[in-house]
Each structure stands twice: as C-alpha cells, then as structure tokens.
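These notes are about the structure you will find just below.
Source: prediction; values computed, not measured. What's counted below: heavy atoms across the whole structure, side chains too, no hydrogens, waters or symmetry copies.
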Amino acid sequence: MKKVIFIISILTLIPLRVYSQGEIISKDDANQIFGTVQQYTEISSENLQQSLERSSGVVMFSILNGELFILDNKRNVIIPGGAIINSSEVFSVFSVEIVNKLLIVGNSPTTYVEKRTDVLTMTNGDHTLEYSVLCPPVCPD
C-alpha cells in the first residue's frame with residue numbers, strides 16, 4: 001500500500017515539475033550555451049505582463065513567419081488577437097511565474113523573444129530565460 005501511495009504521489013508531482021520549466025541565466029551564458037540569436041521579435045514588458053494575466057500556470061511562445069504568438073494554458077491565442085493556429089504547431093512552454101520573474105530581474109521595458117539554433121529564449125535586460133518544454137508533445141491539460 002505504501003508503494004502505491006508513493007507511486008501516485010510521484011505521478012502527481014511530475015506535471016508540476018514539467019510545467020515549472022524555465023531557468024533564468026545571464027544573456028552572455030545564453031549566447032555561449034545556445035548560440036547566437038537567429039531571429040527575434042520584441043514585445044513591451046507591459047504587454048507581456050498583461051498577456052501573462054490571461055493564462056493560468058503556464059504560457060506558450062513561438063515565432064511563426066516572423067510574428068510573435070503567445071498562447072494561454074489551453075492553447076488559446078492571446079497574441080496576436082484573432083489569430084488561429086494549427087494544433088500541430090510547436091510552442092515553448094514556460095511557467096507564468098518564471099516569466100514574471102524574468103520581467104522583474106531584467107527590469108527592462110522591452111522583452112525579446114528569440115529563436116536560436118535549437119531553442120526559443122526570452123531576454124529582458126541582461127537576463128535570458130530558457131529550458132522550456134515543447135508543446136506538443138508535452139502539453140498542459
């Protein structure tokens with residue numbers, strides 16, 4: 001019985017760990033680890049903050065055809081308003097909490113969402129956020 005409770009406890013914590021993804025590192029470290037930025041879009045930190053308020057727990061980002069797309073935790077489009085996305089489009093998932101933290105520590109009025117060789121990062125000030133989960137395959141319920 002103890003083993004069953006332990007296994008259930010572990011399985012319930014896995015989604016929390018997956019969706020707490022994201023780590024803030026220095027911009028210089030991001031350049032060394034992930035390579036240079038190949039494409040970027042910018043968003044005012046104020047607009048990004050307002051977007052975060054429209055999602056619960058996690059928020060998703062992608063740059064599609066040079067345009068920034070932000071989705072809520074149910075893959076509904078927040079930015080750009082009125083846009084429709086294909087369910088197979090892959091987005092980088094970050095916790096709302098870690099994106100808020102980036103805005104606080106970066107303390108810059110502009111945030112850059114960046115495509116690098118294999119990852120999508122966000123930079124605010126001298127701080128960069130990465131280590132996201134990709135949706136799909138791992139999407140919130």
In Å and rounded to the nearest 0.5 Å, what is the [atom1] to [atom2] distance from [X] to [Y]?
{"X": "L120", "Y": "I63", "atom1": "CG", "atom2": "CD1", "result": "5.5 Å"}
{"X": "S132", "Y": "M122", "atom1": "OG", "atom2": "CE", "result": "8.5 Å"}
{"X": "I85", "Y": "R75", "atom1": "CD1", "atom2": "CZ", "result": "4.0 Å"}
{"X": "D29", "Y": "I24", "atom1": "CG", "atom2": "CD1", "result": "13.0 Å"}
{"X": "I78", "Y": "E53", "atom1": "CD1", "atom2": "CD", "result": "10.5 Å"}
{"X": "H127", "Y": "I104", "atom1": "NE2", "atom2": "CD1", "result": "12.0 Å"}

Does any non-hydrogen side-chain atom of [Y] lie less than 4.5 Å from one of [X]?
{"X": "S56", "Y": "D72", "result": "no"}
{"X": "E114", "Y": "T123", "result": "yes"}
{"X": "I33", "Y": "I25", "result": "yes"}
{"X": "I98", "Y": "L129", "result": "yes"}
{"X": "P140", "Y": "V58", "result": "yes"}

Considering residues, nucleotides and ligands other than [X], do more than 12 of their heavy atoms fall under 6.0 Å from its [atom1]?
{"X": "K115", "atom1": "NZ", "answer": "yes"}
{"X": "N86", "atom1": "CG", "answer": "yes"}
{"X": "E97", "atom1": "CD", "answer": "no"}
{"X": "E46", "atom1": "CD", "answer": "no"}

Exercise for the section: Supply the members, apart from V37, of the Ile/Leu/Val/Met/Phe/Trp/Tyr cluster built from side-chain contacts under 4.5 Å; use none for a lone residue. Expected result: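 Members besides V37, by chain and number: Y40, Y112.
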How far apart are the closest heavy atoms of [X] and [Y], and which atoms are they?
{"X": "S51", "Y": "I79", "value": "OG-CD1, 3.2 Å"}
{"X": "L103", "Y": "Q49", "value": "CD1-OE1, 3.6 Å"}
{"X": "A83", "Y": "F69", "value": "CB-CE2, 3.7 Å"}
{"X": "C135", "Y": "M60", "value": "SG-SD, 4.0 Å"}
{"X": "N73", "Y": "S55", "value": "N-OG, 2.9 Å"}
{"X": "T111", "Y": "S45", "value": "OG1-OG, 2.9 Å"}

Compute whether any side-chain donor of one residue and acceptor of the other, for [X] and [Y], lie under 3.5 angstrom apart.
{"X": "D28", "Y": "S26", "answer": "no"}
{"X": "R116", "Y": "N31", "answer": "yes"}
{"X": "E89", "Y": "S62", "answer": "no"}
{"X": "T110", "Y": "E42", "answer": "no"}

Handout entry: V99, I43, L71 screened by side-chain contact (heavy atoms from CB on, under 4.5 Å) with F61, the one that passes
Key =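 When V99, I43, L71 are each tested with F61, the side-chain contact (heavy atoms from CB on, under 4.5 Å) holds only for V99.
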Exercise for the section: Give the cluster check for V105 versus V113: same hydrophobic cluster or not, with ILVMFWY residues linked at side-chain heavy-atom distances below 4.5 Å. Expected result: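 Yes, it is one cluster - the side chains of V105 and V113 are joined through contacts under 4.5 Å.
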Exercise for the section: For T121 and E130, run side-chain hydrogen bond (donor to acceptor under 3.5 Å, both in side chains): C-alpha distance rounded to whole Å, both residues' side-chain angles, the deciding distance at 0.1 Å, then the answer. Expected result: CA-CA 5 Å; T121 58; E130 212 299 305; over 6 Å; no
Exercise for the section: Would you please test L134 and S92 for side-chain contact (heavy atoms from CB on, under 4.5 Å) and show each step? Expected result: CA-CA 5 Å; L134 298 179; S92 295; 3.7 Å; yes
Handout entry: Stepwise side-chain contact (heavy atoms from CB on, under 4.5 Å) test for V138 and V93
Key = CA-CA 9 Å; V138 181; V93 181; over 6 Å; no
